[in-house]
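Only this structure's heavy atoms are used, side chains among them; waters, hydrogens and symmetry mates stay out. Every chain is numbered from 1, with letters handed out A, B, ... down the list of sequences.
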Amino acid sequence: MVDEKKEEKTLNFIEEIVEKDLSENKHGGRVLTRFPPEPNGYLHIGHAKSICLNFGLAQKYGGGTNLRFDDTNPTTEDVEYVDSIKNDVQWLGFNWVEERYASDYFDQLYAFAVKLIEKGLAYVDDSTAEEIAALKGTPTEPGKPGPYRDRAVAENLELFERMRKGEFAEGSRVLRAKIDLASPNMHLRDPFMYRIKFAHHHRTGDKWCIYPMYDFAHGQSDAIEKITHSICTLEFIPHRALYDWFIEKLDIFPSKQYEFARLNLTYTVMSKRKLLQLVQEGHVSGWDDPRMPTISGLRRRGYTPASIRNFCERIGVARRDNLIDMSLLEFCVREDLNAIAPRRMAVLDPLKVVITNYPEGREEMCLSENNPEKPETGDREMPFSRELYIEQDDFMENPPKKYFRLAPGQMVRLKSAYIIRCDEVVKNAEGTIEEVRCTYIENSKSGQDESGLKVKGTLHWVSAAHSIPVEIRQYDRLFRVEDPASQEGDFKEYLNPDSLSIITARAEPAFKTATPGEAFQLLRKGYFSVDSDSVDGKVVLNQTVGLRDNWAKGN
RNA sequence: UGGCAGGUGGUGUAAAGGUAGCACAGGAGAUUUUGGUUCUCUUAGUCAGGGUUCGAAUCCUUGCCCGCCAACCA
């Protein structure tokens, strides 16, 4: 008997559109989306939302997705970005049908432009940028025609050809669509189609000195690829009329544009321009700094592809502006890592514990489970000896009432080892605690406990002599305020100066074999990922996220 | 103050004229050799006013609030 109650997940508005199109057999039931990054920066978590939407939609409806680079502005674009983008999309777990570039279509786009000129729908404008702006009007006043608007078709054709040949100076002429200078939609007031740029393109080299604008490249590229659903963010809503206009006048494949609200996350920024500034001005170590909201930063921080995909699933897709709580992202990564990350012990802020009734020189092994969520992963051995380390904050000389940890006269369990009782506190001349002296209960060893004792607290620990030093990089939010982009003044004034702190911890010997990219849970501390800076003999751990801590919450 | 697009608990997101639900966050408890996990329970919402209707988050209307649009950026 199978319970047929499959939770019916409601469709988001784009899925509804696709299902409606499918039910009407539009495009013969074909679904083809595209993810269209401009290769002028690294991908961030906001792009992940778009990637999951585009690829996820196609997957769900038996279609495919093209990866298309919107590379129409050679002055800001670079192959470094192309490579990182491809890597990030694949890392997230998606495969594209075809890898395309808007620049693949430059010849076709040029032919499209000629066609519009021939139809009297485009013209070459010799005005300066200032003159054009002045004649464009404002949102409340219509624009006025400039002196070149009614040039003859033949003259436009000749001028456009000469633009392409490089006969005119950069910025001296543009090709504009002839639409409606009085339109309330500013994007329809004779938008630019081509501008002159004597710039080297990362793919076409020096073949071109004129480059199409976004509006004359994106929709046409969609049409050339026969994209059925072209999904973009809300700020492109005013462009949709233009998108449709070009497709109609060119009489090409009728791709349709749909807009959704981009992702915003608390305590970070989500614009490539701002992220680039953080990198260039050295506020972070690079695009993949673990504090960055970039895919590469999150990856280095220890976020898993599954956790990011789940996050994108949970935040939903709608058309209202949003600011998602960072705690949801953290929840998603804990959820995934809890299931898969092997447990280890490390003491971040060591306090020496001497077991006075444990013979000097003796050592024994304790077995500790690798992951209680996955018993099949077995146990590992941890050495136990007379001198140990525990966390400073796991001991208090004068504890409050519900303190379950170590205190004079109080007993605790050392995880996977013995129960110990604190007998004595040793201080130095200044009165600071140097070590804590305890006795262990001989018949209380984990797995063979015959002591009958019940203790409230269990502590993580390492054997002082056997432990190895590891560098731990702990991260806090990059900004001090929830929404740095909407603050007064420069967003960088709101950077959190304490977003990174580096300490040396004492870790159990199993860390000797840790390799970059591996994820662990440090018991009672959090999830950590082995950083690529790790070298032989020196392990570096990035804190991905802390464990939930109900004790800290109430204190 | 022109056009466009929006406004559902603290944060997101559902409910397509018929019981305002789910997740995160918050709170209480149980279990626990991680103050983790897990499991219960729980606080809290339809921007405001008017209208249509037996019935409105949903339709109409007025107002308020937020966002976007006047780059040779995408």
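- Nucleic acid contact for A/K553: sugar-phosphate only, since backbone atoms but no base atoms lie under 4.0 Å from a heavy atom of the residue.
- For A/P238, the side-chain atoms get nearest to B/C69 when compared with the rest of B/C69, B/A14, B/A74.
- Following rounding to the nearest Å, A/L329 (CG) and B/A23 (P) show an atom-to-atom distance of 19 Å.
- Atom P of nucleotide B/C73 and atom CZ of A/F69 are separated by 21 Å, given to the nearest angstrom.
- Residue A/F331 is in sugar-phosphate contact alone, with no base atom involved, counting any heavy-atom pair closer than 4.0 Å across all strands shown.
- Between the P atom of B/C4 and the CE atom of A/M186 lies a distance of 15 Å, rounded to the nearest Å.
- As a whole-Å value, the separation of A/I237 CD1 from B/C4 P is 12 Å.
- The side-chain tip of A/R344 does not point at the ring of A/F520 from less than 6.0 angstrom away and within 45° of straight on.
- Pair assignment for B/U52 gives none, since no Watson-Crick or G-U wobble pairing has each distance under 3.5 Å.
- Residue contacts shown for A/H187 are limited to sugar-phosphate atoms, with no base heavy atom under 4.0 Å away.
- In this model, no side-chain donor or acceptor of A/R524 finds a partner on the base of B/U34 within 3.5 Å.
- Below the 3.5 angstrom threshold, one finds no donor paired with an acceptor across the side chain of A/E259 and the base of B/G6.
- In this structure, A/L323 places its CG atom 16 Å from C1' of B/G6, rounding to the nearest Å.
- Ranking B/C72, B/G12, B/A25 by closeness to the A/V174 side chain, first place goes to B/C72.
- Atom CZ of A/F35 is separated from atom P of B/A74 by 16 Å (rounded to the nearest Å).
- A/D71 places none of its side-chain heavy atoms less than 4.5 Å from the side chain of A/Y81.
- Taking atom CE on A/M326 and atom C1' on B/G12, their separation rounds to 15 Å, with Å as the unit.
- Nucleotides B/U13 and B/A25, compared at atom C1', are 14 Å apart to the nearest Å.
- The nucleotide whose nearest atom lies closest to any side-chain atom of A/N550 is, among B/C73, B/U11, B/G36, B/G36.
- Residue A/R273 is out of contact with every strand shown, counting any heavy-atom pair closer than 4.0 Å.
- Proximity note for A/L547 (side chain, C-beta onward) versus B/C73, B/C69, B/U34: the nearest is B/U34.
- When heavy atoms are screened at a 4.0 angstrom cut-off, A/Y403 is found touching base atoms of the nucleic acid.
- No engagement by A/G546 is indicated, since no non-hydrogen atom pair under 4.0 Å with the nucleic acid exists.
- Annotation: cation-pi geometry satisfied between A/R203 and A/Y101 (NZ/CZ under 6.0 angstrom from ring centroid, within 45° of ring axis).
- The residue A/I132 sits apart from the nucleic acid: no heavy atom pair falls under 4.0 Å.
- Remark: B/U40 base-pairs with B/A28; criterion is Watson-Crick or G-U wobble with both hydrogen-bond distances under 3.5 Å.
- Distances shorter than 4.0 Å separate none of the side-chain N or O atoms of A/K415 from OP1 or OP2 on B/G35.
- Residue A/E16 places a side-chain atom within donor-acceptor reach of the base of B/A16, judged by atom type and a 3.5 Å distance cut-off alone.
- Within 6.0 Å of atom NZ in A/K197, more than 12 heavy atoms from other residues, nucleotides or ligands are found, so the atom counts as buried in its surroundings.
- In this structure, A/W551 forms an aromatic stack with the base of B/G35, since both conditions hold: centre separation below 5.5 Å and plane angle below 30°.
- At a threshold of 4.0 angstrom between heavy atoms, the contacts of A/R320 include nucleobase atoms, whether or not backbone atoms are also involved.
- Of the candidate nucleotides B/A74, B/C4, B/U34, B/U34 has the atom lying nearest to any side-chain atom of A/P372.
- A/T72 has a side-chain polar atom (N or O) that falls below the 4.0 Å cut-off from OP1 or OP2 of B/A74.
- Donor-acceptor pairing under 3.5 Å, judged by distance alone, is absent between the side chain of A/R314 and the base of B/U13.
- The shortest distance between the side-chain N/O atoms of A/R195 and the OP1/OP2 oxygens of B/C73 is below 4.0 Å.
- One interatomic measurement links the two molecules: CG of A/L523 to C1' of B/G36, which rounds to 8 Å at whole-angstrom precision.
- Residue A/M345 is classed as having no contact, given no heavy-atom separation below 4.0 Å to the nucleic acid.
- In summary, the side chains of A/R100 and A/Y105 do present a donor paired with an acceptor at a separation below 3.5 Å, with no hydrogens or angles considered.
- The partner of B/A14, taking Watson-Crick or G-U wobble pairs whose two distances both stay under 3.5 Å, does not exist in any strand shown.
- Residues A/F404 and A/W551 have side chains not in contact (no heavy-atom distance under 4.5 Å, counting atoms from C-beta outward).
- Ring to ring, A/H218 and A/F236 are not that close: their centroids are 6.0 angstrom or more apart.
- Across all strands shown, A/N185 has no heavy atoms under 4.0 Å from either base or sugar-phosphate atoms.
- Contacts of A/R405 with the nucleic acid, taken as non-hydrogen atoms under 4.0 Å apart, include base atoms.
- One C1' atom belongs to B/C66, the other to B/A56, and the distance between them is 24 Å to the nearest Å.
- Residue A/A129 is classed as a base contact, given a heavy-atom separation below 4.0 Å to a base.
- At a cut-off of 3.5 angstrom, counting only N and O atoms as typed in the model, there is no donor on one side facing an acceptor on the other between the side-chain of A/R334 and the base of B/G36.
- Using a 4.0 Å heavy-atom distance criterion, A/S416 is classed as a base contact.
- Mapped onto RNA chain B by nearest heavy atom, A/I324 and A/D449 fall at different nucleotides, with A/I324 at the one closer to the 5' end.
- Minimum atom distance to the side chain of A/K136 is reached by B/A70, of the listed B/A70, B/G67, B/A25.
- The number of heavy-atom neighbours closer than 6.0 Å to NZ of A/K456, taken from other residues, nucleotides and ligands shown, is 12 or below.
- Nucleic acid contact class of A/V455 (heavy atoms, under 4.0 Å, all strands): none.
- At a cut-off of 3.5 Å, with distance as the only test, no side-chain donor of A/E330 or A/Y527 sits close to an acceptor on the other residue.
- Of the candidates B/G2, B/C24, B/U13, B/C24 carries the atom nearest the A/S327 side chain, counting heavy atoms from C-beta on.
- Proximity note for A/E373 (side chain, C-beta onward) versus B/A14, B/C69, B/G36: the nearest is B/G36.
- If A/D321 and A/H218 are placed on RNA chain B by their nearest nucleotide, the residue sitting closer to the 5' end is A/D321.
- Distances from the side chain of A/M213 to the nucleotides B/C4, B/U13, B/C72 place B/C72 closest.
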